[in-house]
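The shown structure was predicted, so the numbers you read here are calculated from the model rather than taken from an experiment. By convention in this document, chain letters (A, B, ...) are assigned in the order of the sequence lines, proteins followed by strands, and residues within each chain are numbered from 1.
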There are 2 protein chains.
Amino acid sequence: MLAERGGAAFEDLTARARIRDAALRYFTEYGFTQATIREIARAAGVSPGLVRHHFGSKEALRQACDAYALEALHGFYDQTLNGDRLSHPRSTMDARHTLHPFQRYLARALIDESEAAARIFDDLVAMTERSLIQADRQRPDPPIADAASRAALMVAMALGIPTFHQHISRAVGADIFSDEGDRRVALALLDVHSHSVISPETAASLRDGLDEPGSGSGNRAPFTHSQEEHRHE
Amino acid sequence: MLAERGGAAFEDLTARARIRDAALRYFTEYGFTQATIREIARAAGVSPGLVRHHFGSKEALRQACDAYALEALHGFYDQTLNGDRLSHPRSTMDARHTLHPFQRYLARALIDESEAAARIFDDLVAMTERSLIQADRQRPDPPIADAASRAALMVAMALGIPTFHQHISRAVGADIFSDEGDRRVALALLDVHSHSVISPETAASLRDGLDEPGSGSGNRAPFTHSQEEHRHE
DNA sequence: TAGCTTCCTATACACGTGTACTGTACTCTG
DNA sequence: CAGAGTACAGTACACGTGTATAGGAAGCTA
């Protein structure tokens, strides 16, 4: 059985809320199909029959979780987009911490092809796209790709972190959802995102290479761009 | 049924190879659990019993696929690390294209907690780490995080692309595994990787913010780093 | 040709899982 | 107090899936 949420007191929640929370955790950890109603019910301390009573079906339970995660994420992003953030950094920090489970849930739901999750993804892309367009104005060189494509890649790459958290944790040497692991990841991300992997000149030459005929695919291999970089420099 | 591979002729392959190829595709598309032996057998044009005859069990079939993918990936990376790449860019392009399915398989296997996939992930991290250490020598400022952590994050983010390919495709407007979609992704990745999201000054101030006490977690929220950036500038 | 191995199919079984149904206790309302 | 509606448990069923087993067809060797 998965560990219970540290947040609200287990007994104080209604059975419906306990089921929803347990489903959130099991869907996140094992995926929609492998998570079983029986296990979720056991984690919530109720009978399997009660799950059906409250939610009707497993699919409806998923949708309830989707709606709950959507609400949590939207609430956070609305808050972030307001000016509150700079004035109350501490509370935003806590909110972000609270948000971790929902990010993991979202990543898993996207893999499990949830409709609602796909909509959230598109929302995130739209938000990122707006930010990119704003940032583009301060760039000396014009972007060589549309903002939507860049935004989608950034969101997907960001979601790669919670998706492969256990493998990252192995390399980092601490669970990235623990305080220590989270701190190391934050530092590493800060470093990675403040140093571009490809120099503008290399990018230009690679871009020229893309236009040449032959196999229509470009030089965009994951895993390899860093290696390619030093070869060129 | 999934589309057959365009590569080798379907009828020319041995039944064992057809089963392995079909399993590769189904494991990639639906994950290990949801992919069924019966569907794999149907896609391979054989009976379910033959799958057991050749591989013994579903788990053993998975390991065979893992070994096959590992071989393909290692073959490619060995080739990339040699000097061949610059002298034969075309062939490497084709190799990378051939590699796409294996990258997708790897990403899915990592989610499905395959032992072998985890080893491949660690190998990729080690390779990326070596490249980072080499690149660090040319940096004016010292890295604020160890190379292993940065490498793990880079690999995980890179794997986010094949993992969420269908959602990226929606934003890009074309299947990212098609020639046109792949070209757009290549351009967008070139642009993203040649322009750092965070300026060094902002990174420094954010880093200082990490050290302050309070909620132990750092400012590393996915989805939000780009927005935070312009707020600070 | 005889015998053996390998490739392959078809059938059967055990098990887990989602779902439906029945029954029971509790609560709320008039 | 009476009745209804709700929250819950327990059981039963249908179905899909991995696996085991038996048996047949094809090719190879002596």
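- Checked against dG18(D), dC8(D), dC8(C), the side chain of L50(A) finds its nearest nucleotide in dC8(D).
- Below the 3.5 angstrom threshold, one finds no donor paired with an acceptor across the side chain of R38(A) and the base of dG16(C).
- In this structure, R108(B) is not positioned above the aromatic face of Y30(B) in the sense of NZ or CZ being under 6.0 Å from the six-membered ring centre and within 45° of the axis.
- A35(A) comes within contact range of the sugar-phosphate backbone alone, with a heavy-atom separation under 4.0 Å but no base atom that close.
- What separates CD1 of I40(A) from P of dT17(C) is a distance of 11 Å, to the nearest Å.
- Look at H53(A) and you won't find any side-chain N or O under 4.0 angstrom from OP1 or OP2 of dC8(D).
- E180(B) and R184(B) are joined by a salt bridge, as a carboxylate oxygen and a charged side-chain nitrogen come within less than 4.0 angstrom of each other.
- Between R42(A) atom CZ and dC8(D) atom P the separation is 19 Å, expressed in whole Å.
- Taking the six-membered ring where the residue is Trp, H100(A) and F177(A) present perpendicular rings, their angle passing 60° and hence far from 30°.
- Across the protein-nucleic acid pair, F32(A) atom CZ and dT17(C) atom P stand 14 Å apart, rounded to whole Å.
- F55(A) places its CZ atom 12 Å from the P atom of dA7(D), with the value rounded to the nearest Å.
- For the pair R52(B) CZ and dT21(D) C1', the computed distance is 9 Å after rounding to whole Å.
- Distance CD (E59(A)) to P (dT19(C)): 9 Å, rounded to an integer number of Å.
- Atoms CD1 (I19(B)) and P (dC7(C)) sit 11 Å apart, rounded to a whole Å.
- At dC8(C), one or more side-chain N or O atoms of H54(B) fall inside 4.0 Å of OP1 or OP2 (strictly under the cut-off).
- Between Y68(B) and Y105(B), the ring center distance fails the sub-6.0 Å criterion.
- Each of I176(A), V172(A), I168(A) was evaluated against S149(B); a single residue qualifies, V172(A), per the side-chain contact (heavy atoms from CB on, under 4.5 Å) test.
- Listed candidates were dT19(D), dT19(C), dC8(C). Nearest to the side chain of K58(B) is dT19(D).
- Regarding I37(B), its CD1 atom lies at a distance of 18 Å from the P atom of dT11(C), rounded to whole Å.
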